[in-house]
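Whatever order the structure lists ligands and atoms in, that order sets their numbers, starting from 1. Computed over heavy atoms, backbone and side chain alike; hydrogens, waters and symmetry mates excluded.
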Amino acid sequence: MLYKNIICLLSILCILTGCRDQKKATTTKPNIIIIYIDDLGYGDVSCYGATKVQTPNVDRLAQNGLKFTDAHCTAATCTPSRFSLLTGMYAFRNNAAILPGDAPLLIPQGIETLPSMLQKRGYTTAVVGKWHLGMGIGTIDWNKPISPGPLETGFNYSFVIPATVDRVPCVYVEGHNVYNADTTDPIYVSYKEKIGEEPTGLSNPGLLKMKADTQHSNTIINGISRIGYMTGGKKARWRDEDMADVFTAKAKEFINNNKNNPFFLYLALTDIHVPRTPHERFLGKNAMGRRGDVILEMDWVTGAITKEIERLGIDKNTLIIFSSDNGPVLDDGYSDEAIEKAGGHLPAGDFRGGKYSAFEAGTRVPTIAYWPGTIKPGISNALMSQVDWMASLATLTGEPLTGNAGPDSKNVLPVLLGAANTKPEYMLEESFTLSIRYGNWKYIAPQAKGTPDWLKNKKIESGLQQQPQLYDLQSDPGEKNNVAAQHAEIVQQLQTALKDIQSATNSKGR
Ligand code: NG6
Ligand code: CA
C-alpha cells in the first residue's frame, strides 16, 4: 500500500514538474535528418528575409519549427565546418582546410564521430551528398575499393561526391566504390599536371556552358571546366543537372528502407555551390539567374524530404535540422551572372562578409530545427554552434558524451529544442583567423598577413586585419565600428578565452 502511494505521489509530482516530458525527450530515439546546404547565406531564403526568391518548403519548416537567428557553422568554408559537425572538434585542431578532390581521409581513424556515436545507440546511419573530407590513405586508386571513407567514419551507407562539384573526379562514390565504374575505362585524376587528352577550359573555351576563372579551367566534364584533371570513367560521370534528383532519390530510398528503425541521415546537398547547374525544370525560373534557380532547387529537395517523412507517417518521430556549411558567395569562379543579376538581393541579410570571411555572415547561417509535436514553433535568438550538435544529439538519444568523444562539443539540447539561452557562452568562428563570440561581443583575432590577393580580387571582405577587432553586435550587427580601443578589458577577456580554447587538449568545460 505504502509502495503504491509513493508511486502515485511520484507520478503526480512528475506531471506537475514536467519530468515526464523530460523523460520522453531523453529516452526516445527519433530519426534525425540533417539537411545541409552548401554556401547558403543568412538572407538567401524567404523566411530569413529574401524577397527576390521564395522558398516555401524551407519556410514551412521555419513556420512550424524553431528558427534560429544566431546559429553558426564552425567555419566560413566547407571542409572545416563539416569536420566539426561530424567530429565535435574544432577544425583548427586538425588543420582542416578546403581539400582537393584526391585528398586522403581527414577524420582520424578510431575517433568517435556523430554517426559512430549514433550507430552505437542503435541508429542506422547514412551520408548522401557532398563529402569533402577526403577518402583513402595516400594516393587514391579510383579503380579499386577506396577506404577508409564514410563507412569507416560511422556511416552504414554512403552515396557521395568525393569533394566539390567544381573539383574532379566528377563521379559518385557509393560505399567503397565509384558508382557505375567500368573496368575497361579506368579513372585517373591529377591535381598537379594535365593527364589524358580531354579538352580543358583553357584549351577549348568554346566547349563551355559557363566561362570560368583560371583555377576552374582544367578538364571539361559535362561542358563545365573543373579544378583538376581527370581522364576515363565516362559512364560513371555525373550530369550536374541531375545531381539534386539523384541525391533525393537515394535519400528517399534510405529513409524507406529504415522507416521502422531509428535512422540518421546526413543529407549534404551540393546546391547552391558553384558551378550552379539547376535541373532544366528550374533553369530560368528565378530572376536572379542560376544562383536563384539553385535556391529553388534546394528548396524543392527540402520539400521532397519533408513530404516523404509525412507520407510515411514518421514526421512526429523525426527531428529535421536544416542548415548550411558556410555563408554566401556570389562570384566563386564561374561566370554565371550571380553578381549582375542579384538585383538588390542581400545573400548575407544584414550581416557583413560571407563565405571566406571572419565577419558574421561567414558562419551565421539559416538554421531550423523541426520536430512536429516536440519542438514548439518559434524563433530563437540563442547563440548556437554546429560543433555542439554532436553532444546535444548524444544527450537526446540516451546519455551524454564521455571521455574524449567530441572534445569541443557541449550539450546544448535545451537550446536546440527551444529553451532560451540562459547564460552567455563563448563560441568560436574559424576563417583564416579565429574569432570568438560572447553574448553580443565579437572579437576577431589579428592576422599578420591581412587579406590574401585572391580574396581581394574577388572583392570579398575577408574581415582579416592586422589589428584586433571588437564589435558590439547589439548596436552594430553590420560590424562597421571596431570598438577594441574603447573596451580593452573585453578584448582581454576574449583573448584569454580564445587562448584557453586553443590550448585545451581534452573535453574541458563540457
Ligand atoms: C576554393 C575554390 C572555390 C570553391 C572553394 C570550396 C578557387 C579559386 N576557389 O578554393 O571555387 O571550390 O574552394 O568551397 O579555386 S567549399 O564550399 O567547398 O569550401
Ligand atoms: Ca560550402
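When only modelled atom types and interatomic distance are considered, Asp44 and His345 share a side-chain donor-acceptor pair under 3.5 Å. Side chains of Glu174 and Tyr172: no donor on one and acceptor on the other come within 3.5 Å. Counted by atom type alone, Glu253 and Tyr157 present zero donor-acceptor pairs between their side chains at under 3.5 Å. For the 3.5 Å distance criterion, the side chains of Thr200 and Asn218 fail to qualify, holding no donor opposite an acceptor. Checking Asp59 against Ser46 by side-chain atom types alone, a donor-acceptor pair falls below 3.5 Å. When only modelled atom types and interatomic distance are considered, Glu241 and Asn222 share a side-chain donor-acceptor pair under 3.5 Å.
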Task: Derivation of the side-chain hydrogen bond (donor to acceptor under 3.5 Å, both in side chains) call for Asn326 and Thr77 - done: CA-CA 5 Å; Asn326 52 250; Thr77 52; 5.9 Å; no
TODO: Kindly indicate, with the supporting measurements, whether the criterion side-chain hydrogen bond (donor to acceptor under 3.5 Å, both in side chains) is fulfilled by Asn57 and Thr302.
DONE: CA-CA 6 Å; Asn57 294 296; Thr302 304; over 6 Å; no
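Among protein atoms, those of element N, O or S found less than 3.0 Å away from the Ca ion (ligand 2) are Asp38 OD1, Asp39 OD1, Asp325 OD1, Asp325 OD2, Asn326 OD1.
Distance check: Phe282 CZ to Leu296 CG gives 7.0 Å after rounding to the nearest 0.5 Å.
Close approach to Asp38 involves these atoms of ligand 1, each under 4.0 Å from a residue heavy atom: 17 (O). Close contacts of ligand 1 with His132, meaning ligand atoms under 4.0 Å from a residue heavy atom, involve 18 (O). Interface atoms of ligand 1 facing Asn326, defined by a heavy-atom separation under 4.0 Å, are 17 (O).
Between Lys458 and ligand 1, no N or O atom pair is found at a separation short of 3.5 Å. For ligand 1, none of its N or O atoms has an N or O atom of Thr77 under 3.5 Å away. Looking at Gln215 next to ligand 1, no N or O pair under 3.5 Å apart turns up. At a 3.5 angstrom cut-off on N or O pairs, His273 counts as close to ligand 1.
Taking the six-membered ring for Trp, Phe351 and Tyr42 have ring centres closer than 6.0 Å. Checked against the 6.0 Å centroid criterion, the rings of Phe322 and Tyr370 do not qualify as a close aromatic pair.
Scanning all protein heavy atoms for the shortest distance to atom 17 (O) of ligand 1 gives Lys355 NZ, 2.9 Å. The nearest protein atom to atom 1 (C) of ligand 1, hydrogens excluded, is given as Arg167 NH2, 3.6 Å; this is a heavy-atom distance. Shortest contact from atom 16 (S) of ligand 1 to any protein heavy atom: Cys78 CB, 3.1 Å. For atom 7 (C) of ligand 1, the nearest protein heavy atom (residue, atom name, distance) is His216 CE1, 3.7 Å.
Proximity of Arg226 to ligand 1, defined as any heavy-atom pair under 4.0 Å, is not found for any part of the residue. The side chain of Ile98, and not its backbone, has at least one atom closer than 4.0 Å to an atom of ligand 1 (non-hydrogen atoms only; side chain from C-beta on). Counting heavy atoms closer than 4.0 Å to ligand 1, residue Tyr356 contributes side-chain atoms (C-beta onward) but none from N, CA, C or O.
Legend: residues meeting side-chain contact (heavy atoms from CB on, under 4.5 Å) with Gln215, ordered by chain and number and at least two apart, are Asp213.
Looking at Leu99, Asp166, Asp325, it is Asp166 that brings a heavy atom closest to atom 4 (C) of ligand 1.
The aromatic rings of Tyr266 and Phe155 lie parallel to each other, their planes meeting at an angle below 30°, with 60° marking the opposite boundary.
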